[in-house]
Amino acid sequence: MLVPRTLKSRLDLPVKRVGLAVGGAVLAASTAFAALPGAAQAAQVTPADRAPAPAAEAGPLTYGLDVSHYQPTYDWADSSAQFGIIKATEGTDFVDSSFARHWRELGKKGIVRGAYHFAHPGNDAVSEAKHFLSVVNSQPAKAGDLLVLDLESADGQSVDEVNAWAKTWLGYVKEKTGITPMFYSGWNFADTYGKGLSEYPLWVAHYSKARGQVSPPADWKSWTIHQYTDSPIDQNVSALTVNQLRDLGRRTA
């Protein structure tokens with residue numbers, strides 16, 4: 001999801017993804033399981049006195065990928081990923097051009113799949129949530145499908161405003177679907193803007209930490225997914241098993 005940034009490359013972004021107005025080179029898809037170092041701001045060093053989340057040590061890590069229109073032809077059939085999360089929407093009207101294909105291919109693959117929305121807190125939160133749900137609900141659903149808010153830009157809003165925006169978006173999606181959405185952000189951004197969001201499972205980007213060796217920011221006591229590199233494609237591990245991940249998603253199709 002993260003490619004070299006252009007207009008959105010401000011210091012307040014922790015980042016892994018590019019907004020709809022941003023261009024960039026398409027990253028080559030890969031299923032490599034190696035933890036390669038990334039260079040995004042999400043990788044800034046966490047306080048040294050914070051230990052890795054205990055959940056990461058509980059058992060084997062579950063490997064997964066996330067993609068968008070920057071990997072339009074990624075071959076899920078030949079992938080070693082055990083879960084895949086794909087960009088669906090952004091803002092109030094943008095629909096990712098590869099969403100339908102990736103959603104369909106993940107359905108054929110049979111692994112855990114999820115859809116994410118790239119947020120712009122300068123817009124109305126409910127309008128963005130409605131847009132996301134309209135696009136996701138237009139596709140066939142399966143039990144276990146995950147829903148995710150990707151929040152990594154303040155859009156010039158204050159910490160309190162961004163935090164309230166996130167609570168509104170997440171609460172609306174939960175109310176309408178019965179699913180507790182996952183919250184994605186870079187470590188530093190989540191630590192600043194994510195207070196009071198610990199009821200939502202955390203997907204955190206931190207590229208300077210080895211996979212699975214990241215501490216939870218803000219109020220979270222544990223993390224659910226760690227995005228540990230964007231090279232050559234966004235790679236993640238979850239502290240949960242495949243079945244535990246599915247339990248976070250839709251109850252029925």
Side-chain angles (χ1 to χ4, degrees), residues 1-25 27 38-44 46 66-70 85-97 99 114-133 135-136 147-173 181-197 200-208 217-220 223 225-227 229-230 234 236:
M1 298 181 190
L2 206 170
V3 298
R5 282 197 176 268
T6 56
L7 297 179
K8 290 187 181 294
S9 296
R10 301 196 309 265
L11 290 179
D12 61 339
L13 304 187
V15 324
K16 75 187 174 76
R17 313 185 211 288
V18 179
L20 59 92
V22 181
L27 295 177
Q41 276 185 277
Q44 295 177 12
T46 62
D66 60 270
V67 302
S68 69
H69 59 282
Y70 289 99
I85 303 177
I86 55 181
K87 183 175 182 178
T89 54
E90 179 176 340
T92 58
D93 57 8
F94 178 82
V95 179
D96 191 277
S97 58
F99 173 63
Y116 76 84
H117 173 78
F118 187 97
H120 287 280
N123 296 328
D124 178 68
V126 172
S127 296
E128 291 210 4
K130 286 181 176 179
H131 173 51
F132 173 65
L133 291 179
V135 172
V136 172
L147 303 179
V148 183
L149 173 63
D150 173 0
L151 181 60
E152 52 192 275
S153 170
D155 276 5
Q157 307 300 303
S158 70
V159 171
D160 287 345
E161 288 170 332
V162 173
N163 183 264
W165 194 101
K167 289 176 180 175
T168 299
W169 192 100
L170 292 162
Y172 183 89
V173 170
M182 191 174 296
F183 177 84
Y184 167 87
S185 194
W187 195 98
N188 288 283
F189 196 92
D191 197 48
T192 300
Y193 296 92
K195 303 295 193 296
L197 299 180
Y200 301 98
L202 176 65
W203 176 10
V204 62
H206 201 317
Y207 297 168
S208 68
D219 301 332
W220 284 277
W223 53 268
I225 298 175
H226 174 204
Q227 184 185 78
T229 185
D230 64 349
D234 284 356
N236 308 268

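The residues of the chain are indexed from 1 along the displayed sequence.
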What are the two closest non-hydrogen atoms of [X] and [Y], and how far apart are they?
X: L151; Y: P121; value: CD1-CG, 3.6 Å
X: T192; Y: V159; value: O-CG1, 3.5 Å
X: D191; Y: A218; value: OD1-N, 2.7 Å
X: P181; Y: V173; value: CG-CG1, 3.7 Å
X: A154; Y: Y193; value: CB-OH, 3.6 Å
X: H131; Y: T92; value: CG-O, 3.4 Å

Distance-only donor-acceptor check, side chains W165 and D155, under 3.5 Å =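 D155 and W165 do not have a side-chain donor-acceptor pair below 3.5 Å.
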Please check if any side-chain donor atom of H117 sits under 3.5 Å from a side-chain acceptor atom of T89, or the reverse.
->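 Judged by distance alone, the side chains do pair up.
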Could you check E152 against Y184 for side chain to side chain contact (heavy atoms under 4.5 Å, CB included), going step by step and ending with a plain yes or no?
-> CA-CA 8 Å; E152 52 192 275; Y184 167 87; 3.4 Å; yes
With T168, which residues qualify under side chain to side chain contact (heavy atoms under 4.5 Å, CB included), at least two apart?
->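 Scan of T168 (side chain to side chain contact (heavy atoms under 4.5 Å, CB included), adjacent residues dropped) gives A125, V126.
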Residues forming a side chain to side chain contact (heavy atoms under 4.5 Å, CB included) with A115, sequence neighbours excluded =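 Here the qualifying residues are A88, F99, W103, F132, V136.
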Determine whether a donor-acceptor pair (N or O, by modelled atom type, separation under 3.5 Å) exists between the side chain of [X] and the backbone of [Y].
X: E128; Y: W169; answer: no
X: D66; Y: I85; answer: no
X: D234; Y: Q227; answer: no

When rounded to the nearest 0.5 angstrom, what is the spacing between CD in Q157 and NE2 in H120?
->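 NE2 of H120 is found 12.5 Å from CD of Q157.
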NZ of K167 to CG of L149: how many Å apart, nearest 0.5 Å?
->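 Spacing of NZ (K167) from CG (L149) equals 13.5 Å.
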Per the ring pair (Phe, Tyr, Trp, His ring centres under 6.0 Å) rule, which among Y200, W187, F183, W203 passes with W220?
->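 Among Y200, W187, F183, W203, the one that satisfies the ring pair (Phe, Tyr, Trp, His ring centres under 6.0 Å) with W220 is F183.
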Do the rings of H226 and W223 sit parallel, tilted or perpendicular, given the 30° and 60° boundaries?
->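 H226 vs W223 ring planes: perpendicular.
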Less than 4.5 Å apart, any side-chain heavy atom of D96 and any of I86?
->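 No, every pair of side-chain atoms sits at 4.5 Å or beyond.
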Can you tell me if NZ on K195 sees more than 12 non-hydrogen neighbours from other groups inside 6.0 Å?
->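 Yes, NZ of K195 has more than 12 neighbouring heavy atoms, counting only those of other groups under 6.0 Å.
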